[in-house]
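Just so you know, these numbers come straight off a predicted model, no measurement behind them.
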Amino acid sequence: MLAQRRYEMIMQILRAEGPVAVGVLAERLDVSPATIRRDLNRLERLDLLTRVRGGAAASTSLEEPFAEVATVGKEARDAVARGAADLVRDGDVLLLDIGTTVHQLSTYLHGRSVTVMTSNLAVYEELVPDPEIELILLGGVVRRNYRSLVGFLTEDCVRQVRAGRLFMGTSGVRPDGTVVDTTAVEVPGRRAMIASSDQVILLADESKFPGNGYATVCGPDALDIVVTNDGATPDTLDTLRESGVEVITV
């Protein structure tokens with residue numbers, strides 16, 4: 001198993017179950033305790049977890065900084081982002097959601113004749129030097145830790161526009177196809193984006209099945225396309241297809 005995949009699974013277990021012993025993690029991931037200890041030391045240096053006697057616990061921070069989230073599962077996110085970029089056509093008007101996978105998608109838009117509307121500051125910073133892209137930054141309250149804009153101002157801005165395609169990230173996709181998030185403050189903005197878009201495309205790598213989160217963003221009926229990669233839960237993908245969602249596996 002690749003190290004990045006182990007990091008991701010360790011964090012999922014710690015967030016879901018609280019403090020977990022090294023031996024339990026080693027058994028769950030089918031690796032040696034020495035490997036788990038090295039992984040925990042690496043994740044501790046990134047401030048993603050705290051070492052406790054015999055194991056580790058997820059950081060007590062309310063949310064992970066954008067830069068730290070971006071270090072976990074990068075290969076899978078990049079594959080999903082490239083697959084999503086293939087759906088973009090010149091002349092498209094796009095809404096780009098917050099999050100690391102959507103930011104990765106923006107790196108594949110350089111030189112394209114498209115309009116991008118976003119509340120994602122990382123996307124804005126990525127695309128602002130590109131003269132080919134008409135770039136619209138949606139206003140709101142700055143969440144510095146996650147490099148996004150949120151709140152009623154963002155929602156009002158979104159309601160004033162119309163996009164052909166929304167590219168949306170997520171914290172998790174439940175077995176029934178429900179899209180969830182870990183941060184409630186992001187949910188109203190995402191719902192407004194869904195309502196303002198002709199087509200909703202969810203970017204969700206294998207780690208998002210089921211991922212984590214407690215706040216419902218939407219049901220599968222709100223989605224048109226899901227872009228994922230090998231390893232996503234087959235039963236959940238079948239449920240999405242049964243709901244009329246096109247599933248693209250990259």
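Counting non-hydrogen atoms of neighbouring residues, nucleotides and ligands closer than 6.0 angstrom, the CD atom of Glu27 reaches no more than 12 such neighbours. A 6.0 Å sphere centred on CG of Asp90 holds more than 12 heavy atoms belonging to other residues, nucleotides or ligands. Annotation for Phe209: atom CZ counts as buried by contact number, over 12 foreign heavy atoms lying within 6.0 Å. A 6.0 Å sphere centred on CD of Glu132 holds more than 12 heavy atoms belonging to other residues, nucleotides or ligands.
Contact of the Leu127 side chain with the Thr118 side chain is not registered, since no non-hydrogen atoms from C-beta on lie closer than 4.5 Å. Within the 4.5 Å cutoff, the side chain of Leu87 has heavy atoms near those of the Ile248 side chain.
Between the Thr239 side chain and the Gly177 main chain, no donor and acceptor come within less than 3.5 Å of each other. In this structure, the side chain of Thr170 engages the main chain of Gly172 through a donor-acceptor pair within 3.5 Å. Asn229 places a side-chain N or O within donor-acceptor distance of the main-chain N or O of Glu206, the cut-off being under 3.5 Å. Side chain of Ser196 to backbone of Val158: a donor-acceptor contact under 3.5 angstrom is found. With hydrogens and angles disregarded, a donor-acceptor distance shorter than 3.5 Å links the side chain of Asn120 to the backbone of Gly99. A donor-acceptor contact shorter than 3.5 Å links the side chain of Arg89 to the backbone of Asp86. Of the possible donor and acceptor atoms, one in the side chain of Arg174 sits under 3.5 Å from a partner among the backbone N and O of Pro210.
Atom CG of Leu94 sits about 8.0 Å away from atom OG1 of Thr115, to the nearest 0.5 Å. Leu203 CG to Lys208 NZ: the interatomic distance, rounded to the nearest 0.5 Å, is 9.0 Å. In this structure, the separation between CG on Asn41 and CZ on Arg38 is 9.5 Å, given to the nearest 0.5 Å.
The only member of Leu202, Leu237, Thr178, Thr228 that meets side-chain contact (heavy atoms from CB on, under 4.5 Å) when paired with Val173 is Leu202. The one candidate from Ile98, Val141, Leu149 that meets the side-chain contact (heavy atoms from CB on, under 4.5 Å) condition with Thr154 is Leu149.
Between the side chains of Thr233 and Asp235, no donor-acceptor pair of N or O atoms lies under 3.5 Å.
Take Ser243 and apply the side chain to side chain donor-acceptor pair (under 3.5 Å) test, not counting sequence neighbours, and it matches no residue.
Val217 and Asp181 get closest at one heavy-atom pair: CG2-CB, 4.0 Å.
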Subject >> CA sep, side-chain torsions, deciding dist, call: Met168, Cys218, side-chain contact (heavy atoms from CB on, under 4.5 Å) >> reply: CA-CA 11 Å; Met168 183 173 74; Cys218 67; 4.3 Å; yes

